[in-house]
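So the structure is just underneath, and the comments pick up after that.
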Amino acid sequence: MIWIHVLEGTALVWSAEEAREIRERFRLVGTLVGALARKPRQNAHLGLPLQLLPEEARLLAELGAAVLVRGTETQPPAEGEEPTQVRDWLLQGARTPAPASPSLLLSPLPDTVEDSGLLDSPFVLPHDAMMVQLPTARRCLGQVERVDWTSPSPDWPHPGRPAHEARYRVFRELWGRGYYLSGGSKFGGDFLVYPGDPLRFHAHYIALCCPQGDPLPLRTLVAAARLGTGVKKTLLLCSPDAGGTLAFTSLQWSGLQ
Amino acid sequence: PTGRGRPSLAAPSCRMEAELEPRARRLFSPAELLAARTRDRKVAQCSQGQKDFIPDGSEEQAERLHRCREEHWQLLAEERVERLGSLVKAEWKPREGIVELKSPAGKFWHTMGFTEHGRQCLLPEEALYLLECGSIQLFYRDLPLSIQEAYETLLSQGTVSLLQYQVFSHLKRLGYIVLRFCPSAVPSQYERQLNLDSYCKSSGKHHRKRKRHSSPRLQAKKPKGSGTPPECEGTPKKASDSCGSPSHPASGRSCLPEKSKESDPASGEVESVQVPTDAAQLSKPPSRSKAQAEDYGKAAGDSCSGTHLPRWDFNRIAFPNMASDCPHTFLPQPDERLLPENVAGREADATRWRKLVNQKREKLSRKEREQRERESRYKSSVNADREVRRCSNWQEYKELLKQRSQRRAGRRPSHLWDQPVTPLVKPDQVASAAAVLQQISVLQPSHILDGASRLQEDTEGMKIDFSVYQADAVANFKKNDPGKPYARMCVRRFDEQIPSLRAVKQLACQSEDVPVIFALVDNGDIAFYSFKEFKLPVDIYH
């Protein structure tokens, strides 16, 4: 079960294994929005958390593969004794194995532990030289609360909004046909449709959701079609209607021959 | 059941517990920590070559995809491991909404953070960014926070939203210096002209405090139009010291309401004097200077001045004309009520003094004399005109000018000017082809700031969030005096309405002459949009 953490209406995934499962098993791409642990001060490669489109999160919840949760309190009450345990262990020079605890963070370098037999005098590792892990995801996941994805709430305001519902129908249909989908704002559309994983393939379509009955000015159509031609992609107009059917129209710019 | 669930889910809460078992996150073993110390700090580009067009089910493609993915997951699975000695300890203070540093700050202190009561503090977005970079260790209730917990704790306070943080961290990673925008700290163009902004540096303490508490509550207290807040702009040192020396946020905040109350009577006074004369075109700089002049007078002089109406009617007071052409030389003794206590007034006769003034004849050099001669052929002094001398004040003079222009207009040929279609241009109105074009132009060039100062406060919920400074200014950057920013950012969601012209004008007005850039966030993808100014080409080069 994948846990999707909701923050102000945004769906985030904090675990690398879950991000992998979402991409490889469910064909959902998402966007990485955090700093990369190895090299945080650049924008070319970002790291966790993975931000999912509201449509992607809803799809996973509908399939029963994920739950939407939100964090409540940061510190569970049972951890009150933890810091003292760690402190005592540190004071002993950290020569014994660390006290077993799921939330232990500090570890000495293994050098000291292995070499302890060779030295005559006890060697105390300087506190500053210890390596510390700054964990990305929550250590203890007990303090979370389920969020209902079917009804709107301050944490998840999307259900019921007509724009979201229309987009979701288009998303679900295209995803069901085996495509990979991602956000389309870079190209002036709602979604970008890829034939395969975006890591290896370019997008083929720019999907634009036009609910039936909404006026579509001609200049918008021309602008979108021009843009599609300019970037060598086909414009796909998607129209969900009240009856439950979806109509797809693709546009390609051709010269007057 | 923890009892924290919503009432509607109370019944299945037992099942909920069973489904959401607490999972322990993977923590590094000592061997892994050591390995992390020696891991490569470089990030390779995707080494699998150009993208393919369409999946063809081949082994090659599958293999390349697999390798790409493996690299990707490997990078993502890495965790931050830092030397304890190089981490700065910081603690989150939820009540104040800031992060306090518990050990001395590192290199980041040059461009981030502020000092309060002698403690070094960071804003929540700065602390979160530094945590993601691995420079600090953030504690809350004595336990260090993970990145996820920090996101959920620091970003839910209402001071910084997730969207704003995404833009902030994006810009910081590119190397820019990003500060929160403080509207009252922007010196207007007029103030910069007067060099008043260099005096503002003394009230730097106010800047810091207000930056932290740039909540809408405080901003709403300051009317932007004519009631200029005198705290930041041109506050005399005396007043600022009295307000700023107990540098405690509570007293700072209580100071502001006092001052804004002071400024309101001043602005009221200003408005009552100015409205009769120039109601329509109340442009910004003169009104602000008047308000400031009033405030200077008030603060520097008496602290208890409660007079709000002018005590003298300047329409009826005639100033004595002591010039050489006027016989007024006798000044009576001034009224004792108008004088301070131990100053005695007496009458004066200026005849003797007048005789001493201007005794030396002006001697012109030969060049000046020649110039005067040449000019006297076609130029004449305005004061030599008898009709002008008959005017005793500006109003009469303007009346005279109006009459003269009407008389001239009376000489217009009726066959041209009395028809329904009249000429566009009069012969004496234009001196060049450019002026003619100007007269007949349909579109007037306009600047974004035209009329912007007169707009009402409501900006459709848009506000400027950050000021951005160039990365190459880091060496000379001073936190207390950052100077003029490179741009100002307004963070919006991609699916929100495009701003109307009115909102754009208001934002440009708030930002004075620094361009405003809109950062649009679409589910993690950020794009920057701004308006660019350009001039339409003109036919005639003038």
Side-chain angles (χ1 to χ4, degrees), chain A residues 1 5 7-8 10 14 16 19-20 31 33-43 45 47-48 51 53 67 69 71-72 74-75 79 83 102 104-105 107-110 127-142 144-146 183 185-186 195-197 199-202, chain B residues 4-5 9 16 19-20 22-25 27-28 30-31 33-34 37 41 43 51-52 54-55 64-65 68-69 72-73 75-85 87 132-134 137 140-149 151-153 155 161-162 166 170 173-174 494 522-525:
Chain A
M1 180 68 72
H5 297 261
L7 182 62
E8 291 180 7
T10 314
W14 288 93
R20 182 173 192 154
T31 322
V33 295
L36 191 65
R38 177 189 278 210
K39 204 174 176 197
R41 286 184 167 89
Q42 44 84 30
N43 271 326
H45 294 265
L48 289 172
Q51 181 166 342
L53 295 171
V67 287
V69 295
T72 49
T74 313
Q75 314 292 333
E79 291 207 59
L104 185 60
L105 300 165
S107 293
L109 293 176
H127 184 79
D128 281 356
M130 280 197 244
M131 303 296 282
V132 163
Q133 177 195 3
L134 300 167
T136 312
R138 268 171 180 262
R139 292 179 315 254
C140 198
L141 293 171
V144 293
E145 190 178 73
R146 208 171 192 160
S185 64
K186 278 195 280 273
D197 193 315
L199 277 176
R200 291 297 309 151
F201 301 98
H202 289 294
Chain B
R4 286 186 213 256
L9 295 177
M16 181 170 81
E19 283 172 15
L20 300 182
R23 284 182 226 170
R25 285 303 185 200
L27 290 159
F28 278 15
L33 284 176
L34 180 63
R37 197 164 65 131
R41 282 271 159 181
V43 175
K51 291 192 186 180
D52 299 314
I54 201 164
R64 274 199 289 256
L65 174 62
C68 240
R69 280 180 167 177
H72 186 77
W73 302 129
L75 277 180
L76 273 198
E78 284 176 359
E79 294 266 333
R80 291 165 182 83
V81 176
E82 300 290 333
R83 222 177 122 261
L84 197 56
L87 286 174
E132 287 202 283
C133 285
Q137 212 182 2
Y140 179 46
R141 293 187 193 162
D142 287 331
L143 282 175
L145 294 177
S146 60
I147 313 270
Q148 176 181 358
E149 285 161 347
Y151 262 68
E152 290 171 2
T153 318
L155 293 183
S161 70
L162 178 63
Q166 283 179 345
H170 180 93
R173 282 193 289 263
L174 287 172
F494 190 80
D522 176 42
N523 278 297
D525 284 326

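What you see is a predicted model; the values in this text were computed from it and never measured.
- Taken to the nearest 0.5 Å, the CG atom of Leu155(B) stands 6.0 Å off from the CG atom of Leu7(A).
- For Ala16(A) against Ala77(B), the heavy-atom pair with the smallest separation is CB-CA, 3.9 Å.
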Test log, rule side chain to side chain contact (heavy atoms under 4.5 Å, CB included), inputs Arg173(B) and Gln42(A): CA-CA 5 Å; Arg173(B) 282 193 289 263; Gln42(A) 44 84 30; over 6 Å; no

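- Counting heavy atoms from C-beta on, the side chains of Arg20(A) and Arg69(B) never come closer than 4.5 Å.
- When each of Ser161(B), Gly85(B), Ser146(B) is checked for heavy-atom pairs under 4.5 Å with chain A, Ser146(B) comes out on top.
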Could you give me the CA-CA distance, side-chain angles and deciding distance for Glu82(B) and Gln133(A), then say whether side-chain hydrogen bond (donor to acceptor under 3.5 Å, both in side chains) is met? CA-CA 6 Å; Glu82(B) 300 290 333; Gln133(A) 177 195 3; over 6 Å; no

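- Taking CG of Leu53(A) as the start and CG of Asp522(B) as the end, the distance is 7.5 Å to the nearest 0.5 Å.
- By the side chain to side chain donor-acceptor pair (under 3.5 Å) test, Thr10(A) is found to be paired with no residue, residues two or more places apart in sequence or in another chain being considered.
- Interface summary for chain B: among Ser185(A), Pro195(A), Gly196(A), the most heavy-atom pairs under 4.5 angstrom belong to Ser185(A).
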Any chance you could lay out the side chain to side chain contact (heavy atoms under 4.5 Å, CB included) test for His5(A) and Glu152(B), step after step, and finish with the verdict? CA-CA 9 Å; His5(A) 297 261; Glu152(B) 290 171 2; 3.9 Å; yes

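- To the nearest 0.5 angstrom, Cys133(B) atom SG is 4.0 Å from Arg41(A) atom CZ.
- Counting only distance, with no hydrogens or angles, the side chain of Asn523(B) and the backbone of Thr31(A) share no donor-acceptor pair below 3.5 Å.
- The minimum heavy-atom distance linking Val33(A) with Tyr151(B) is given by the pair O-OH, 4.3 Å.
- A donor-acceptor pair under 3.5 Å links the side-chain atoms of Glu79(B) to the main chain of Thr136(A), judged by distance alone.
- Arg38(A) is not listed as a side-chain neighbour of Arg80(B), based on a closest heavy-atom distance of 4.5 Å or more.
- Contact record, Lys186(A) with Asp525(B): NZ-OD2, 3.5 Å, taken as the closest heavy-atom pair.
- With a 4.5 Å cut-off on non-hydrogen atoms, Glu132(B) touches chain A through its backbone and its side chain both.
- Side-chain contact check for Val81(B) versus Leu134(A): every heavy-atom pair is 4.5 Å or farther apart.
- Summarising the geometry, atom CD belonging to Gln51(A) is positioned 6.5 Å from atom CG belonging to Leu162(B); distances are rounded to the nearest 0.5 Å.
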